[in-house]
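For reference, the structure is listed below as structure tokens.
Counting starts at 1 for both ligands and their atoms, in listed order. Residues: numbered from 1 along the sequence shown.
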Amino acid sequence: MKAHLCHITYQLLLHRRPCSVVNSSAIITILGEFIVMASTIVNMPLNVGTIKGLDCLSHGKFNANALPIRPSVSSLPHRRMLVVKASTNDGPIKKLGMSDAECEAAVVAGNIPEAPPVPPIPASPAGTPVGTSVDIRSRPRRNRRSPVLRSAFQETSLSPANFVYPLFIHEGEEDTPIGAMPGCYRLGWRHGLVEEVAKARDVGVNSIVLFPKVPDALKSPTGDEAYNDNGLVPRTIRLLKDKYPDLIIYTDVALDPYSSDGHDGIVREDGVILNDETVHQLCKQAVSQARAGADVVSPSDMMDGRVGAIRSALDAEGFQHVSIMSYTAKYASSFYGPFREALDSNPRFGDKKTYQMNPANYREALIELRADESEGADILLVKPGLPYLDVVRLLRDNSPLPIAAYQVSGEYSMIKAGGVLKMIDEQKVMLESLMCLRRAGADIILTYFALQAARCLCGEK
Ligand code: PBG
């Protein structure tokens, strides 16, 4: 709350873009009277300080205690200071020593004081057609003509608080690069992961989702390792919660990392994916993750009825407070390729079309939405992201629940590859793609760009 108010104050006073994390120091003039504060303002709900270095002693009438925000020592490490001045200082303005009445009388008598002239109209290049103005009243460009106007009318904002950072973990000590996802690693759960989480928190990303790479020897047709309380995921959750109690940990609920068949469910000998038997396993998996301290369990398996069953299983074990983010509209997409390489979780045979949705379908997402809502989902997710913006908008317009979009591995890798080949500006395309997901209606975005994008939004890169 403190940070939020502070953020609003900052934006009102500085007319900055609605970029929610402002990693800078600002000199703010309040009511034009006093330069009152040099502050570091970060719009993060957790663990962060709000105003740093507020010195109210030497600033006349300004009373820090009268503000809804109090000076506090930032718990963030000290950052580079960038001073943004809200106004230019041209020195004191000379006064003539006249009263208001004398000033008015002077103007009435025709002694109008001097002011700068109206600037001349800038010249157009020679050859520009003249007298060609079109008779139109509505000129939408008027509202776009300056950065101040553009930011005043910006409808959508992007903040590190919107990101959930997917992280791949493994049993190893080293971080292993993932070939198809430049910049992503299978992180050692004890070392690399903890460091990556610290980096993300440092720029306002305080939500992660874990994906484990499980040793082949622990995989089985029924994926029982998925609910081993001492398995990689529960162990990692306990470690992270011990270090960062306020970190929000999402978990993936599906059997594929644990299945010797590479499917999200149990496979019958004729290749049929068993629904209810799989749901039974998923409930155990979700409870095991909740027991370890997961905040949000996220069934990505697309079995029917799993949200309701998981809700009942969690509640029966006393985990009423644990949320469910349902992969409501998860499509059988080829954009998941790099992810399956990352986890070595390609289906050993067949595809996932009997449980994931047909990319050609739109209305069908409403059927999934109704089921998930009635079964008690807390967040509805659409996956992939950018090619499915219409589905994001569909869910947004048909449910009051928060909507998540998953910018999946293939989307990430395409932007990375385009950037490496210098075909596109990676950073700009990254930020635009994320903004577009927000514009389509996503509250949160699962993205492998979370750290990189948050750093950009903080002005670090
Ligand atoms: C599987 C799962 C997948 C992803 C997240 N969870 C792959 C799949 O369904 O085959 C894909 C994520 C990505 O591509 O980034 N439960």
Original post:
Where does Y412 meet ligand 1, judged by heavy-atom distances below 4.0 Å: at the side chain, the backbone, both, or neither?
Top reply: neither
**OP:** Would you please determine whether Y327 falls within less than 4.0 Å of ligand 1 on a heavy-atom basis?
**Re:** no
Original post:
Hey, which atoms in ligand 1 end up nearer than 4.0 Å to a heavy atom of Y448?
Top reply: 12 (C), 13 (C), 15 (O)
**OP:** State the atoms of ligand 1, each with its element, that fall below the 4.0 Å cut-off from a heavy-atom position in K352.
**Re:** 8 (C), 9 (O), 10 (O)
Subject >> Ion pair check, K416 and E426, cut-off under 4.0 Å >> reply: yes
Original post:
With atoms numbered from 1 as shown, which atoms in ligand 1 lie under 4.0 angstrom from a non-hydrogen atom of D264?
Top reply: 1 (C), 16 (N)
**OP:** Record the part of A254 in heavy-atom contact with ligand 1 below 4.0 Å; permitted values are side chain, backbone, both and neither.
**Re:** side chain
**OP:** Using a strict 4.0 Å threshold on nitrogen-to-oxygen distance, state whether E196 and K199 make a salt bridge.
**Re:** yes
Original post:
Hey, which atoms in ligand 1 end up nearer than 4.0 Å to a heavy atom of S300?
Top reply: 1 (C), 6 (N), 16 (N)
Original post:
If only atom types and distance count, is the side chain of S323 paired as donor or acceptor with the main-chain N or O of D378 below 3.5 Å?
Top reply: no
Original post:
Which residue supplies the protein heavy atom nearest to atom 14 (O) of ligand 1, what is that atom called, and how far is it?
Top reply: S409 OG, 2.7 Å
Original post:
Any donor and acceptor pair, going by atom type alone, linking the side chain of E174 with main-chain N or O of T176 inside 3.5 Å?
Top reply: no
Subject >> R311/D315 salt bridge by N-O under 4.0 Å criterion >> reply: yes
Original post:
Which ligand 1 atoms are under 4.0 Å away from a heavy-atom of R340?
Top reply: 8 (C), 9 (O), 10 (O)
**OP:** Measure from the side-chain N and O atoms of R348 to the backbone N and O of N346, and report whether any donor-acceptor pair falls under 3.5 Å.
**Re:** yes
Original post:
For ligand 1, which atoms, with element, lie under 4.0 Å from some heavy atom of Y406?
Top reply: 12 (C), 15 (O)
Subject >> Salt-bridge contact K219-D261 (side-chain N to carboxylate O under 4.0 Å) >> reply: no
Original post:
So which heavy atom on L314 is nearest to which on A290, and how close?
Top reply: CD2-CB, 3.7 Å
Subject >> Residue portion contacting ligand 1 (non-hydrogen atoms closer than 4.0 Å) for D252 >> reply: side chain
Subject >> Closest candidate by heavy atom, reference atom 3 (C) of ligand 1, pool M181, Q407, K383 >> reply: K383
Subject >> Test: D175 and R186 ion pair at under 4.0 Å >> reply: no
Subject >> Residue and atom name of the nearest protein heavy atom (relative to atom 12 (C) of ligand 1), distance in Å to one decimal >> reply: F339 CD1, 3.2 Å
**OP:** Go through ligand 1 atom by atom and flag the ones less than 4.0 Å from a non-hydrogen atom of K330.
**Re:** 1 (C), 2 (C), 3 (C), 6 (N), 8 (C), 9 (O), 16 (N)
**OP:** Answer yes or no: are there more than 12 heavy-atom neighbours, outside E155 itself, under 6.0 Å from its atom CD?
**Re:** no
**OP:** Specify the protein heavy atom at minimum distance from atom 1 (C) of ligand 1: its residue, its atom name, and the distance to 0.1 Å.
**Re:** D256 OD2, 2.8 Å
